[in-house]
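In the text below, chain A, chain B and the rest are named by the order of the sequence lines, each starting its count at 1.
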Amino acid sequence: MPTLTLIDGSSYLYRAFHALPPLTNAHGEPTGALFGIVNMLRTTMKAGSDYVAFVCDAPGRTFRDDLYPEYKANRPSMPDDLRAQVEPMMKIVGALGFPILCVPGVEADDVIGTLARQASAAGIHTVISTGDKDFAQLVGTDIILINTMTNTTLDIEGVIGKFGVRPEQIVDYLTLVGDSIDNVPGVEKCGPKTAAKWLAEYPDLDALIANAAKIGGKIGENLRAAIPRLPLSRELVTIRVDVPLDQAPTDLAMRPRDVEALRELYARYDFKAALKELEAGGDSFAAAAASATAAPAPAPAPVVATDVFSGPGEYELVTTEDRLAAWLEKLETAPLIAFDTETTSIDAMRAEVVGVSLAVEPGKACYIPVGHDYPGAPAQLSREHVLGALKPILEDPTRPKVGQHGKYDINVLSHYGIEVRGLAHDTMLESYILNATATRHDMDSLAQRYLGYTTVKYEEVCGKGAKQISFSQVDLDTAGKYAAEDADITLRLHHALWPRLEAEPSLRSVYLDIEIPVVPVLARMERTGVLIDANELRMQSQQLGKRMVELQQKAYAAAGHEFNLDSPKQLQAVLFDELGLPAKVKTPTGQPSTNEEALEALADSHELPRLILDYRGLAKLRSTYTDKLAGIVNPRTGRVHTSYHQGAVATGRISSSDPNLQNIPVRTEEGRRIRQAFVAPPGWRIVAADYSQIELRIMAHLSGDEGLVRAFTEGGDVHRATAAEVFGVAPDDVTTNQRRAAKAINFGLMYGMSAFGLARQLGVDRGEASDYMARYFSRFAGVRAFMDATREQAHQRGYVETLFGRRLYLENLTSRNQALRAGAERAAINAPMQGTAADIIKRAMISVAAWIAPRDDVRLLMQVHDELVLEVREDAVDAVKAGIEAHMSGAATLSVPLQVSVGVGANWDEAH
DNA sequence: GTCGATACGTAC
DNA sequence: GACGTACGTATCGACG
């Protein structure tokens, strides 16, 4: 049977635009969506097709707009960056030889629907390539859907599986659910589940409406209320199959491609590999799609049926000595080895290795199981033997390796005496440096985003929640597919990401000189952990608990009854409804707030707010810190091991979790007692070294403001110096209040604070705060110029950068939403300073780690954004103090000195 | 039981 | 609406 492929161009254009980072070519023209479209065309065409059309929406009104003026009213207009890519997209699609259909007055959906039905009538099989679920209504024995973004196809069975209704019921289903994007109203509170339930009970919408009286509850009322508008919704979601068209399916054959035009377009949009392929006369689709990714190899015929399983590549399960030897031989000559470990735990400190996967070229990977243990599990090579064989390669710094989140594997393998060296690349970090704003850098997301490939998910293999099993319980065939794919995809991702990174010298250098070298440093810190005096913390927990009970009783008395002090909702009822206190502060949802600011404001009117404030302070300390930390000590090491995250903060900072060691209290005396439980072992001392005012110094450097630079070069108290300038007095005559105001201005400026915010912070009126800021800017004009320039650059280029070239793309700068836009501008102001500080301390960590590597009398323990904490043997303290200070202040050369203060003590509190 | 939203609070 | 970046705990209601 001949086939017709219909590509939903508009749907892909939007999806590619939103899924891919805002890539640009050398001229600064946006190219991300183009890249995605070309990738999609390749996947679609790989299947081959007799007839094909690229269908898109033409501008202008359609029958749906006439039917319903609010149709698509919620759709934002097309972003400029996307609009700019439409014309080049059409040129590339045309030059590749695709027939293009844009019919004025008819939506792409209806063109596709009509062609699909015509094809059916002519005995032609149709594949609709789209990401839009609405097309499920067209699915039949000879019409299927394919989504190349998620690598899924949908036939009749698939529709039933996905929606719970048959294809011919999809129109009714969509009518009931509605579509908020297209502004099609459905039945209120009726989602996919309810719609499927009703349509299982009644054959169609008409039958449901006839029986609407029988549906009970609120949802029944909603259904009855919606009945009058359902026919309109139904018409809106129904794809037409009878619009007049000039072309028949059989008119839609591929045309020869226009090599000259393609050459010009590829060159212009920096599709370098595509260009190369074109010159070599190669396959233009594969070449254009992924500048450095080899097209997935067709599934090869199994060599030995039981040893090879199907997948996107040739994956092998290695269970014999011979095959292990063969793979070791491959590793010997591989230019780059992708590796991944499968384990029993997400926590590297507790994980046992269950298997190792390796890939040496795209599509060729293996999984070596060593610890799968379930009834009937086949024989496997021993863990000791396999790891022993891999050790020389993994430890050889001259053998480049690539991982996805390699820090995890480094730590896991270190349990087995393997110190991984030569981690040359990490795809998580490649993605992070290319576009930190893309919130997720996990492998599944990256495969989807950069390869258009849907991976096997961990949950699909091991389940989740209570039903989750250990990877060691997974049968070898399933485990092998999953694990080998991990290594394969890691390698493919690297081939897709590295060329893009390499093409941008500043990003390349942030990645190679900062992010990659910091990986083993963080890995080592996590493994080292920090010694905690758990008994001290348990004692504090008890004391806190006692005081909390007392406060609780007093609070009950003050309120006149018992209530849950931990529930803001109940507290709100007591304060504002029962006691009738005035609500001054509102939460984002409009509720009267019970936060600290609100309670402080009420503390003079009633005794309860103060009791709550005190209670909350203690509750926070106990739940988040004393209880938690005491319970999280690793029994094997006797220490607390945090996880540091390199891909979590958009500005380049490192974050910490499980436990978060970057928000241990310091501001209050009570809070600092927790730091007293972070101790040095006998014979050792805690050394804490922090940068003084690093972000403000960076602001001085980046802005070049003479006054601010001078304040730092002269040394002394920068806030006092600022106050002297702003208030026009001698530094010695600055009052406490003046200094406080100057400090608030200094900090606020770095966060993009307004006069309104400053007024609130200082408790002065807005005019006075405005006055302060005006005086500040007249004295420090360079700072204002720098901020204006940063804002300008952000708008011009869509991103801001740090001193070392790390980029932060800002999504909302062009938002029509005023609040979002203003927020993006503040982030743009802050990112260069916060990000440069992050770059500097990472550089310091790398140089400190290299310096202490040969020593056994000093260990890096923690990083808290502008502070490094170490433990040092007593006899080495003096030498280390001097060395740390030198390495940290030498981590960057700015126009102001980088001042570092170093403290020593028996615990972290004392070391400050 | 699990999950997500909301509120709150700790750090730099 | 009004100060940037994180992570963690508790409550509460929805869901199955």
Side-chain angles (χ1 to χ4, degrees), chain A residues 189 191 193-194 436 464-468 563-572 585-599 612-613 616-625 627-629 632 642-645 648-668 670-672 674-675 690-696 699 744-761 766 769 800 808 810 817-835 837-838 841 862-867:
Chain A
K189 286 281 152 62
K193 291 274 151 58
T194 310
K464 60 171 182 169
K467 280 174 288 187
Q468 189 173 331
F563 67 103
N564 186 346
L565 271 61
D566 292 321
S567 167
K569 202 177 163 189
Q570 293 182 31
L571 177 61
Q572 174 211 316
V585 186
K586 293 261 197 276
T587 69
T589 55
Q591 294 296 307
S593 172
T594 67
N595 69 11
E596 185 179 354
E597 186 190 350
L599 294 181
I612 298 291
L613 282 168
R616 282 222 183 122
L618 304 183
K620 176 80 178 175
L621 290 178
R622 196 176 72 154
S623 65
T624 310
Y625 302 108
D627 277 0
K628 186 72 193 179
L629 288 170
I632 208 171
T642 185
S643 293
Y644 289 106
H645 307 284
V649 188
T651 56
R653 273 190 182 177
I654 286 165
S655 79
S656 152
S657 73
D658 308 297
N660 182 355
L661 295 184
Q662 294 178 322
N663 70 348
I664 304 299
V666 71
R667 285 167 201 189
T668 65
E670 251 164 354
R672 276 198 298 276
I674 290 161
R675 292 191 171 217
D690 66 278
Y691 286 111
S692 127
Q693 308 292 358
I694 187 166
E695 291 188 17
L696 208 48
M699 183 161 91
I745 295 174
N746 278 333
F747 277 107
L749 281 172
M750 290 190 295
Y751 301 145
M753 190 169 67
S754 63
F756 179 93
L758 182 66
R760 215 167 83 138
Q761 169 84 21
R766 205 167 139 183
V800 290
L808 177 67
L810 295 145
N817 179 328
Q818 160 85 26
L820 286 180
R821 200 171 58 244
E825 286 188 354
R826 288 192 297 273
I829 298 280
N830 178 254
M833 291 175 276
Q834 188 180 117
I841 195 157
M862 295 188 277
Q863 190 257 39
V864 194
H865 309 310
D866 65 355
E867 172 182 13

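- Nearest to the side chain of N660(A), among dG4(C), dG8(C), dC12(B), sits dG8(C).
- Taking atom CG of residue L621(A) and atom C1' of nucleotide dT10(B), one finds them 9 Å apart after rounding to whole Å.
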Summarise how protein sits on nucleotides 10-16 of chain C as a single string, 5' to 3': B when a protein heavy atom is under 4.0 Å from the base, S for sugar-phosphate-only contact, - for no contact. SSSS--S
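- Residue S754(A) places at least one side-chain N or O under 4.0 Å from the OP1 or OP2 atom of dC3(C).
- Of the residues K628(A), K620(A), R622(A), the one that meets the side-chain contact (heavy atoms from CB on, under 4.5 Å) test with T624(A) is K620(A).
- For K586(A) and dT6(B), the NZ to P distance is 18 Å, given to the nearest whole Å.
- Applying side chain to side chain donor-acceptor pair (under 3.5 Å) to H645(A) and the options S655(A), S657(A), S656(A) leaves one that passes, S657(A).
- The distance from atom CD of E825(A) to atom P of dC3(C) is 14 Å, rounded to the nearest whole Å.
- Between the C1' atoms of dT10(B) and dA2(C), the separation comes to 23 Å (whole Å).
- Contact annotation: K628(A) side-chain N/O to dT9(C) OP1/OP2 distance is under 4.0 Å.
- With distances taken from any side-chain atom of F756(A) to the nucleotides dA11(B), dA2(C), dA6(C), the minimum falls on dA2(C).
- Straight-line distance from the CD atom of Q834(A) to the P atom of dA6(C): 7 Å, rounded to whole Å.
- Under the 4.5 Å side-chain criterion, counting only non-hydrogen atoms from C-beta, I694(A) is not in contact with I841(A).
- Of the candidates dT10(B), dG4(C), dA7(B), the closest approach to any side-chain atom of K620(A) belongs to dT10(B).
- In this structure, the nucleotide among dC7(C), dA7(B), dG4(C) sitting nearest to the side chain of T587(A) is dA7(B).
- Distance alone, capped at 3.5 Å, is enough to place a donor-acceptor pair between the T642(A) side chain and the P659(A) backbone.
- Counting only distance, with no hydrogens or angles, the side chain of Y644(A) and the backbone of Q863(A) share a donor-acceptor pair below 3.5 Å.
- Side chain of R653(A) to backbone of H865(A): no donor-acceptor contact under 3.5 angstrom is found.
- Between E597(A) atom CD and dC3(C) atom P there is a gap of 11 Å when expressed in whole angstrom units.
- Look at CD on Q662(A): it is 17 Å from P on dT10(B), rounded to the nearest Å.
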So what does the secondary structure string of DNA chain C come out as, 5' to 3', with Watson-Crick or wobble pairs under 3.5 angstrom, [ ] for crossing and | for pairs with another strand? ...||||||||||||.
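- Side chain of R826(A) to backbone of M753(A): no donor-acceptor contact under 3.5 angstrom is found.
- Here the P atom of nucleotide dA2(C) and the CD1 atom of I745(A) are 21 Å apart, to the nearest Å.
- Distance CG (L820(A)) to C1' (dA2(C)): 14 Å, rounded to an integer number of Å.
- Nucleic acid contact for L758(A): none, since no nucleic acid atom lies under 4.0 Å from a heavy atom of the residue.
- The P atoms of dT6(B) and dG1(C) are separated by 16 Å, rounded to the nearest whole Å.
- Nearest heavy-atom pair across N595(A) and R616(A) is CA-NH1, 4.1 Å.
- At the heavy-atom level, R760(A) lies nowhere under 4.0 Å from the strands shown.
- Of all nucleotides listed (dA7(B), dG9(B), dG4(C)), dA7(B) comes nearest to the side chain of Q591(A).
- Among dG8(C), dG9(B), dC8(B), the nucleotide with an atom closest to any side-chain atom of E596(A) is dG9(B).
- Among dC7(C), dT5(C), dC3(C), the nucleotide with an atom closest to any side-chain atom of V649(A) is dT5(C).
- Judged by distance alone, with hydrogens and angles left aside, R653(A) brings a side-chain donor or acceptor within reach of the base of dC12(B), the pair sitting under 3.5 Å.
- Of the residues L696(A), I745(A), I829(A), the one that meets the side-chain contact (heavy atoms from CB on, under 4.5 Å) test with M750(A) is L696(A).
- Residues A744(A) and L758(A) come closest through the heavy atom pair CB-CD1, 3.9 Å.
- At dC8(B), one or more side-chain N or O atoms of T594(A) fall inside 4.0 Å of OP1 or OP2 (strictly under the cut-off).
- Of the candidate nucleotides dT9(C), dG4(C), dT10(B), dT10(B) has the atom nearest to the side chain of P665(A).
- Residue A650(A) is classed as a sugar-phosphate contact, given heavy-atom separations below 4.0 Å to backbone atoms only.
- Listed for the N830(A) side chain is no donor-acceptor partner under 3.5 Å among the backbone atoms of Y751(A).
- Distance from the side chain of P588(A) is smallest to dA7(B) among dC7(C), dA7(B), dG4(C).
- Closest to the side chain of S655(A), out of dA7(B), dA6(C), dG9(B), is dA6(C).
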